[in-house]
Amino acid sequence: MKRILLIMFLAIAGTGTIYAQNVSGKITVKTTETNGQPLPFTNVLLRQVKDSSLVKGELSSQDGSCTFDKVTEGRYFIEATLMGYTSASTSAFSIDASHKLVQLPTLSLSPASKTLQAVNVTAQKPFIERKNGATVLNVESSLAASGGTALDVLKRAPGVQIDKDDNVILQGNQGATIMLDGKLTYLSGEQLANLLRSLPAENIATIEIITSPSAKYDAAGKSGIINIKTKKTVITGINGSINLGAGAGKYGFYNAGINLNWRTEKFNAFGNYNNGSRGFFQTRYLARHIQGDVPQFFELNAFNRRNFKNNNYKVGLDYFLNSKHTIGVLMRGYDNSFNQDGFNHTPISSNGKLDSTLYAGTYVRNKFSNVSFNLNYKGQLDTLGTEIGFDADWARFKDNNYMTLNDSMYYVVNPIKNTHAILNRPINEVTIRSVKADLVLPFNKTTKLETGFKISSVKTDNNLRYDSLLNGKYVNAITQSNQFIYTEDVYAAYAIFKKTIHNTDLQLGLRAEQTKSDGYSVTLQSHVKRSYLDFFPSFSLDQKINESHKIGVNYSKRISRPNYGDLNPFVFYIDKYNYFKGNPYMLPEYTHKVELSYTFKQKYVMALSYSQTKNIVLEYMVQNDTTKVTTYYDRNFQSGYVYNVSLTIPIDPFKWWNITNNINGNYNYFNVKDTTVNLTTNTFAFNYQTTHTFTLPDDWKFEINAYYESPFVWGVYKIKPSYAIGLGVQKQLMNKKLNIKLNVSDITNREQFRGSAKFNNVDMYINNRWQNRRVNLALTWNFGNSNIKAAREREAGSEQQRVGG
């Protein structure tokens with residue numbers, strides 16, 4: 001590693017020596033209004049005369065002045081732009097040995113004509129579009145998203161499916177890495193689903209789906225990366241927005257939030273806070289056929305009333321040392337709660353006749369919190385584009401759960417009540433630390449090297465305590481309680497070579513990750529230790545044939561390590577006859593993926609992909625025909641294969657009517673074989689999303705959206721089709737500062753999960769339903785300065801979002 005850093009340092013030093021031998025000039029210019037008043041925060045662009053290509057951009061200071069340093073020899077002109085004003089340009093000038101200091105005349109910008117306000121039809125961002133190899137969902141431009149949550153929006157994302165436990169499946173594969181503003185959420189399983197449910201869609205700007213990430217990203221996430229970008233106020237001065245929302249299905253909900261931003265020439269302070277309460281329900285129907293000496297039929301009917309209360313916050317500061325160097329600090333977190341009151345009954349029949357009924361109730365009070373800190377630096381070392389970046393992250397998650405499970409058995413022949421009760425009080429704490437550094441080293445305008453390293457450390461402490469009700473009192477069930485501590489260190493380094501040859505963009509990458517882990521069951525006094533080194537190559541080639549046609553090829557290798565909670569070897573009770581058990585011996589999954597894409601006229605996109613996953617992790621179940629208990633657990637199987645095709649087809653019949661269509665088809669093949677099961681499942685499935693947006697006069701907008709998901713197979717489950725239709729309307733008031741949105745989701749009430757599993761002695765059917773049909777009203781008020789200036793993006797230390805299970 002020292003040798004690599006030395007080579008990187010010498011490369012930077014050598015680059016600086018070369019530049020010192022060339023002509024370097026300085027340019028100064030001032031921007032004012034036509035009345036002579038200075039215009040601060042104007043976009044001042046330095047362009048080459050020969051092709052008008054952008055060399056560099058700066059913001060004018062408070063007095064309207066702007067300076068460009070270390071400008072190489074050449075012919076240039078300067079253009080100044082600012083929203084609400086017409087643009088202005090200078091005459092051409094030269095930087096050479098005789099002109100190293102150039103003082104340009106003042107650029108005067110005049111106010112733009114107010115007649116523009118009479119235009120009723122404006123550009124409409126499509127809900128789904130393709131940018132830089134990623135599929136982008138423009139959530140803030142969608143009426144259907146208002147009143148929903150991040151999980152609701154993901155259900156409409158191209159190639160995304162949500163299974164019975166609200167796990168995200170991307171292009172036929174589980175294991176998508178979920179990021180929030182470029183940082184991993186650190187969560188998985190139920191805890192990740194809880195977070196996505198508590199994040200209002202009004203707080204989301206865009207969602208990026210990257211199916212073939214480069215070596216710069218962590219190798220975790222076998223099916224790719226989903227990056228949820230929250231709204232940021234990116235305008236100068238003091239400004240912000242307030243949003244309020246309310247709605248109802250069977251139960252009501254509300255959310256309220258505020259975004260604030262204060263940007264000056266030297267710093268950008270920003271923050272937001274969101275509070276909400278969301279009431280909803282889940283019904284679950286589970287039918288099980290039990291064979292044996294006397295065949296039995298179990299028919300579970302469950303109703304769970306749920307409520308999420310969320311308090312999410314973020315506060316940060318970027319300090320501009322100068323135009324090329326910025327340091328920043330960021331703190332974010334949440335303090336949320338989840339409550340559930342569940343009631344279910346299970347009639348049990350033998351030979352077609354009812355012989356008993358199990359009544360059960362669950363009471364859950366769950367509080368989960370997180371706080372994380374980030375320190376970051378980004379600097380540009382020269383005009384060629386040499387950049388360095390640094391991030392340090394610390395995060396802690398805590399999950400306190402209180403759950404009671406009561407059940408009573410009633411028999412038809414002998415109606416005696418047989419009551420049992422279990423009290424579960426698990427405490428889960430996770431601490432994550434990481435440090436990473438990145439270097440972008442251009443050799444010239446067409447060739448660059450990107451490299452960096454990362455060190456991360458994770459510790460999770462899961463203390464699971466069960467108490468049983470005996471003689472009216474709860475007594476600790478020692479044999480059922482367990483403490484499990486898991487530690488994991490990952491050391492990573494990467495290098496990416498990028499080259500542009502005429503209309504061809506080539507990218508070659510390699511990432512190495514050394515993983516050391518220890519799963520320690522304190523109760524059993526047993527360790528499961530692992531240490532392994534993996535290499536993850538990546539490759540991409542984009543060829544622009546002409547202005548209308550572009551093709552691309554991508555390859556990447558990915559890893560999906562087991563979730564922390566799923567490695568805990570003890571039993572979690574769902575009810576008297578259904579258990580979930582952890583598996584400490586699960587191995588990481590490895591996925592190879594190849595993708596071919598074609599873009600027509602920069603808007604129509606077709607992508608074909610193939611992926612192969614070894615050691616694939618699938619949910620499996622074992623049924624005991626004597627005790628009638630079914631135990632669910634995740635485990636490795638031989639392999640899984642997915643062939644996928646996706647089509648993005650935007651249509652604009654008129655300027656006021658925009659249609660976005662996205663079609664995804666995939667063929668899944670699973671090889672589920674071992675000494676106890678020999679099962680091969682395969683299917684072809686597709687889903688279709690369409691959004692019709694009508695931009696009407698007087699700042700009205702109307703939207704119709706729909707999706708259909710065909711039958712598909714996931715592991716041992718066969719899933720039946722589902723679909724949903726939604727409507728929305730928007731009105732803008734107060735010079736477009738106030739937005740009012742009203743929508744109805746899942747009008748037909750057909751968005752549900754229906755699936756079955758049948759192999760060996762297992763024969764079951766599942767039907768899960770949620771509160772998807774809702775009426776939502778959302779209001780957003782934007783206030784403050786409206787001069788646009790982009791805020792700095794950051795993608796700081798990212799860890800595997802594998803907390804919980």
Side-chain angles (χ1 to χ4, degrees), residues 40-41 43 59 61-62 82-84 138-141 145-147 149-150 180-183 195 198-207 227-246 254-277 309-321 326-336 369-376 378 395 732-741 778-796:
F41 309 117
N43 296 299
L59 272 184
S61 62
Q62 196 68 39
L82 184 63
M83 178 170 283
N138 294 303
V139 180
E140 59 186 340
S141 69
S146 62
T149 66
L180 194 59
D181 291 326
K183 297 170 63 65
L195 176 62
S198 64
L199 180 61
E202 281 77 15
N203 245 25
I204 301 173
T206 61
I207 295 179
N227 184 22
I228 302 172
K229 289 188 174 183
T230 57
K231 289 183 180 178
K232 299 178 182 178
T233 309
V234 293
I235 44 185
T236 57
I238 298 177
N239 43 70
S241 64
I242 296 174
N243 63 78
L244 300 170
Y254 78 88
N255 66 272
I258 183 170
N259 290 274
L260 290 174
N261 189 81
W262 182 19
R263 188 183 182 100
T264 70
E265 186 179 355
K266 294 300 296 181
F267 68 84
N268 182 41
F270 56 92
N272 62 53
Y273 172 74
N274 193 275
N275 172 269
S277 178
K309 292 184 178 180
N310 64 281
N311 293 275
N312 303 344
Y313 59 87
K314 178 176 69 174
V315 61
L317 175 70
D318 289 333
Y319 183 76
F320 312 121
L321 300 173
T326 303
I327 58 174
V329 292
L330 175 69
M331 180 181 75
R332 73 187 312 156
Y334 53 78
D335 187 7
N336 300 341
S369 60
N370 155 247
V371 60
S372 63
F373 299 91
N374 168 258
L375 174 65
N376 60 85
K378 187 172 183 179
Q732 293 182 317
L733 301 169
M734 298 173 60
N735 199 23
K736 298 186 178 181
K737 289 184 177 294
L738 177 63
N739 289 339
I740 303 175
K741 297 179 180 180
L779 293 84
T780 301
W781 176 47
N782 299 292
F783 59 87
N785 196 321
S786 59
N787 295 330
I788 296 177
K789 166 61 184 173
R792 185 169 69 99
E793 293 284 350
R794 60 165 60 85
E795 291 188 1

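Computed from a prediction, not measured in an experiment: that's the story for all the values here.
For Tyr334 and Asn274, the side-chain atoms include no donor-acceptor pair closer than 3.5 Å.
Taking CD1 of Ile258 as the start and CG of Asn243 as the end, the distance is 9.5 Å to the nearest 0.5 Å. One distance of note links OH of Tyr273 with NZ of Lys314; it measures 15.5 Å at 0.5 Å rounding. Put simply, CD1 on Ile207 and CD1 on Ile228 are 5.0 Å apart, with the number rounded to the nearest 0.5 Å. One distance of note links CG of Asn376 with OG1 of Thr326; it measures 9.0 Å at 0.5 Å rounding. Taken from CZ in Phe270 to CG in Leu330, the straight-line distance is 5.5 Å, to the nearest 0.5 Å. Separation of atoms CG (Asn255) and CG (Asn310) is listed at 7.5 Å; rounding is to 0.5 Å.
The shortest side-chain heavy-atom distance between Asn272 and Leu260 does not fall under the 4.5 Å cut-off. Looking only at side-chain heavy atoms (C-beta outward), Trp781 and Leu244 stay at 4.5 Å or farther from each other. Under the 4.5 Å side-chain criterion, counting only non-hydrogen atoms from C-beta, Tyr254 is in contact with Asn275. When side chains are defined from C-beta on, Phe267 does not count as touching Asp318, because their heavy atoms never get closer than 4.5 Å. In this structure, Asn268 and Asn261 have side chains that are in contact, with non-hydrogen atoms separated by less than 4.5 Å.
Without hydrogens or angle criteria, Lys266 side chain to Leu321 main chain gives a donor-acceptor distance under 3.5 Å. Within the 3.5 Å criterion, the main-chain N or O of Asn311 finds a donor-acceptor partner in the side chain of Asn336.
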### Task
Quick one: do Phe783 and Met734 satisfy side chain to side chain contact (heavy atoms under 4.5 Å, CB included)? Show the steps, please.
CA-CA 11 Å; Phe783 59 87; Met734 298 173 60; over 6 Å; no

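With sequence neighbours left out, the side chain to side chain contact (heavy atoms under 4.5 Å, CB included) criterion links Leu733 to Lys731, Leu738, Ile740. Judged as a side chain to side chain contact (heavy atoms under 4.5 Å, CB included), and not counting sequence neighbours, the contacts of Val371 are Tyr313, Met331, Phe373, Trp394.
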